[in-house]
Protein chains: 2
Amino acid sequence: MIEHHLKTILEKTLQELSIDCVIFGFHAGELKVLLLRWKATDGWSLPGGRIYKDESADNAATRILLERTGLSEIFLHQFHTFGDTNRNKYFTEAELVQKLEATFGSNFLAQLVDKRVVSIGYFALVEFDQVQATPDWYTDECRWWGISEVPPLLFDHNEMIERALKALRQQIRNQPVGYNLLPEKFTMPELQRLYETILDKQFDRRNFQKLLMSYDILEKLEEKRIGVANKSPFLYRFDKQKYEAAMANGVSFSM
Amino acid sequence: MIEHHLKTILEKTLQELSIDCVIFGFHAGELKVLLLRWKATDGWSLPGGRIYKDESADNAATRILLERTGLSEIFLHQFHTFGDTNRNKYFTEAELVQKLEATFGSNFLAQLVDKRVVSIGYFALVEFDQVQATPDWYTDECRWWGISEVPPLLFDHNEMIERALKALRQQIRNQPVGYNLLPEKFTMPELQRLYETILDKQFDRRNFQKLLMSYDILEKLEEKRIGVANKSPFLYRFDKQKYEAAMANGVSFSM
DNA sequence: CCAAAAGTGTTACCCTTACACCCATGG
DNA sequence: CCATGGGTGTAAGGGTAACACTTTTGG
C-alpha cells in the first residue's frame with residue numbers, strides 16, 4: 001500500500017529542472033544581456049542548463065555562468081521560478097522546428113523541448129569587458145544585446161528578462177549596485193549613468209553625488225580620467241569592506 | 001551521438017520537485033502560520049507537496065492550499081526556491097527516523113526523504129477564521145502556531161518561514177496588505193495592529209490613519225463595532241477595485 | 001576659441017514625525 | 001465613576017528636490 005503510493009507519486013512527479021541566467025553587463029551607456037543563438041537557427045535564448053539531481057541550484061547557476069562567461073565569484077541572485085505549463089510557446093514556429101530537427105534529429109523536440117520544464121531564474125551582474133562569451137552544446141553564437149534591442153526569444157525568456165530587470169530595479173533601491181557591473185575605477189558620471197540606465201530615469205548630478213557619497217562606500221581617488229573629451233573627471237572606487245556592509249545592511253536609494 | 005547525449009542528461013537530471021506553503025493568518029493580535037505534524041511523531045513541517053510534471057507551479061500551490069485550508073482565490077505569492085543539497089538536515093535524529101519508519105515502512109526515508117528535493121516556496125495570506133485546517137496523507141495534525149512560538153521544524157522549513165516573513169515585510173512596504181488577512185469589515189486599530197505585527201514596530205495612530213487613508217483604498221463605514229469594551233471604533237472595508245489598482249501600481253508605506 | 005561635460009553649495013518646500021485632549025463604552 | 005482605548009489636527013524639523021555658474025579639455 002505504502003509502496004504503491006510512493007511508486008505512483010514518483011511516476012507522476014519525476015521531471016527535469018533547469019536554470020536560466022539573465023546576465024547583465026553595462027557598456028557604452030547601455031544595459032546589455034548575454035544571449036545564445038541555437039545551432040543553425042535564428043532563435044535566441046538565455047544561457048541556461050539542467051540542474052543535476054545531486055547539485056544545489058546555486059551551484060548549477062554558478063557553473064552555467066562560469067561556462068558562458070569564464071567568470072566566477074560574481075553577483076548572482078535568484079529572482080523567480082518559472083513553472084507554467086506553456087513555457088515552450090515559441091517552439092511552435094514551423095520554420096524553427098524544421099531547422100532544429102535538421103540539426104539535432106527528428107525526436108529532439110519530443111525528448112527535450114516539447115514538454116514543460118520548470119526553470120529557476122537567476123540574474124547576474126558582470127563586468128562587460130571581462131566576459132569571454134562562449135556558446136554551449138546547443139548553440140553556436142553567444143553575444144551581448146542591448147536591453148532595448150532584445151528580439152523575441154525562445155521559451156518565455158522575454159518575460160524572464162522583464163522580471164529580472166524588475167528584480168534588479170527593486171534591488172538597486174535597497175542595496176548598492178555597481179561593484180560587479182563597473183570596472184575597478186570609474187567616474188561619478190559613469191556610476192550615475194548606470195543608475196539612470198537601470199532605473200530608466202534621469203538624476204541631478206549634485207544630488208546624485210551627495211546621496212551616493214553619503215553611503216560611505218565610495219573612495220574618491222586623486223587620479224582623473226585623462227584622454228577623454230572635455231574636463232577630466234575624478235576616478236572613484238568602491239571600498240569593498242564598506243560596500244559589503246552596505247549590501248548586508250541595505251541602503252535606501254530614493255530619487 | 002545526440003541520442004546518447006540526451007539519454008545521459010535525462011539520467012542525471014530527472015528529479016522530484018515540490019512546493020511548500022507558508023500560510024499566514026492573523027488572530028488575537030498575532031501573526032500565525034499553519035503547520036502539520038507528521039504521523040505518530042512530534043516532527044512538524046510546512047504544508048507542501050509534489051508538483052506533477054504536467055502541472056504549473058502556481059496550480060500546485062493553489063491545490064495544496066485548497067487541500068489544507070479549504071480556501072481558494074486567496075493571495076498566494078512565490079518568494080524563493082530552495083535548492084540546497086542539505087535540505088533534509090533535520091531528518092537525522094534517530095528517534096524521529098525510528099517513528100517515521102514504524103509508520104511509513106523501513107524504506108520510506110530512502111525513497112522519499114533521504115535525497116535532495118528542490119522546493120518552490122510560496123506564502124499565502126488567509127483569513128484566520130475561514131480556515132478548515134486539514135492534515136494530509138503524511139500527517140495527522142494541522143494547526144496554527146504563533147510566529148514567535150514555531151518549534152524547530154523538519155527540512156529547512158524554519159529558514160523558509162524566515163524568508164517568507166522577509167518577503168512579506170518587503171511586500172507590505174510596496175503594496176497594500178490586509179485584504180486577505182482581515183475579515184471584510186475591520187477597524188482602523190485592527191489594521192494598524194496587523195501592520196505593527198508584520199513589521200514588528202509600533203506606529204502613531206494619527207499618522208497611520210492619515211497614511212492609509214491617503215492611499216484611497218479604504219472605505220469608512222457608518223457602522224461602528226459594538227459590544228466591545230471602551231469607545232466604539234468605526235468599521236472600514238477595502239474598496240476592492242481601488243485595492244487591486246494599488247496592488248498593481250504599488251504604494252510606498254514608509255513609517 | 002568654442003562646445004561639451006564636470007566640479008561644486010544653497011535654498012525652499014514638502015513630507016515625515018512628534019505630540020495632547022476629549023469622548024464613548026463596559027465594567 | 002473610572003479605566004481603557006478610540007477619535008481627531010497642528011506645528012516643527014529634516015530630508016528631498018530644484019537650481020547656475022565656473023572650470024577644464026579636446027577639437
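Predicted model only: the values in this text are computed from it and were never measured. Just so it is clear: chains get the letters A, B, ... in the order the sequence lines come, proteins before strands, and each one is counted from 1.
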For [X], give me all partners under salt bridge (Lys or Arg N to Asp or Glu O under 4.0 Å), at least two apart in sequence or on another chain.
| X | answer |
| --- | --- |
| A:D140 | A:R37 |
| A:R237 | A:E184, A:E219 |
| B:R169 | none |
| A:D216 | A:K242 |

Any side chain to side chain donor-acceptor pair (under 3.5 Å) involving residues 62-75 of chain B? Give me the pairs, sequence neighbours left out, ordered by first then second residue.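 Checked against side chain to side chain donor-acceptor pair (under 3.5 Å) - neighbours excluded - the pairs reaching residues 62-75 of chain B are B:E55-B:R63.
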
List in numerical order all residues of residues 25-32 of chain A for which some heavy atom is under 4.0 Å away from an atom belonging to DNA chain C.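 Close to the strand, none.
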
Under 4.0 Å from any heavy atom of chain A: name the first and the last nucleotide of DNA chain D that qualifies, 5' to 3'.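 Answer, 5' to 3': D:dA17 to D:dG26.
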
Taking the inter-plane angle between the rings of A:Y179 and A:Y243 on a 0 to 90° scale, is it parallel (under 30°), tilted (30 to 60°) or perpendicular (over 60°)?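 It falls in the tilted class, 30° to 60°.
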
Report the distance from atom [atom1] of [X] to atom [atom2] of [N], rounded to the nearest whole Å.
| X | N | atom1 | atom2 | result |
| --- | --- | --- | --- | --- |
| A:M188 | C:dA5 | CE | C1' | 15 Å |
| B:L211 | C:dC14 | CG | C1' | 15 Å |
| A:F208 | C:dA6 | CZ | C1' | 14 Å |
| B:Q209 | C:dC19 | CD | C1' | 16 Å |
| A:Q192 | C:dG7 | CD | P | 10 Å |

Going by ring pair (Phe, Tyr, Trp, His ring centres under 6.0 Å), name the residues that satisfy it together with A:F186, two or more places apart in sequence or in a different chain.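 For A:F186 the ring pair (Phe, Tyr, Trp, His ring centres under 6.0 Å) partners, ignoring immediate neighbours, are A:F238.
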
Distance, nearest 0.5 Å, that separates CD1 of A:I51 from OG of A:S119: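 Taking CD1 in A:I51 and OG in A:S119, the distance rounds to 7.5 Å.
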
DNA chain D: A:K210 or B:K231, which has the more 5' nearest nucleotide?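 The residue mapped nearer the 5' terminus is B:K231.
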
Can you name the nearest heavy-atom pair linking B:I172 to B:F253, along with the distance?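 Scanning both residues completely, I find the closest heavy atoms to be O-CB, 3.5 Å.
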
Mind checking whether B:M160 and B:F82 have side chains closer than 4.5 Å, heavy atoms only?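 Yes, side chains in contact.
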
Sorted by first residue and then second, give each salt bridge (Lys or Arg N to Asp or Glu O under 4.0 Å) pair with at least one member in residues 171-183 of chain A; sequence neighbours left out.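 Checked against salt bridge (Lys or Arg N to Asp or Glu O under 4.0 Å) - neighbours excluded - no pair reaches residues 171-183 of chain A.
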
Among residues 246-255 of chain A, which contact DNA chain D at a heavy-atom distance under 4.0 Å?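 Of all residues in residues 246-255 of chain A, the ones placing a heavy atom under 4.0 Å from DNA chain D are A:S254, A:M255.
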
Contacts to DNA chain D from residues 196-207 of chain B, heavy-atom cutoff under 4.0 Å, which residues?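 Within this stretch, B:R205, B:R206 sit under 4.0 Å of the strand.
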
Contacts of type side-chain hydrogen bond (donor to acceptor under 3.5 Å, both in side chains), residue B:N230, not counting sequence neighbours: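 None.
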
Going by the ring pair (Phe, Tyr, Trp, His ring centres under 6.0 Å) test, name the single residue among A:Y122, A:F123, A:F24 that passes it with A:H77.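 When ring pair (Phe, Tyr, Trp, His ring centres under 6.0 Å) is applied between A:H77 and each of A:Y122, A:F123, A:F24, only A:F123 qualifies.
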
Quick check on DNA chain C: between B:S232 and A:P189, whose nearest nucleotide comes earlier from the 5' end?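 The residue whose closest nucleotide sits nearer the 5' end is A:P189.
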
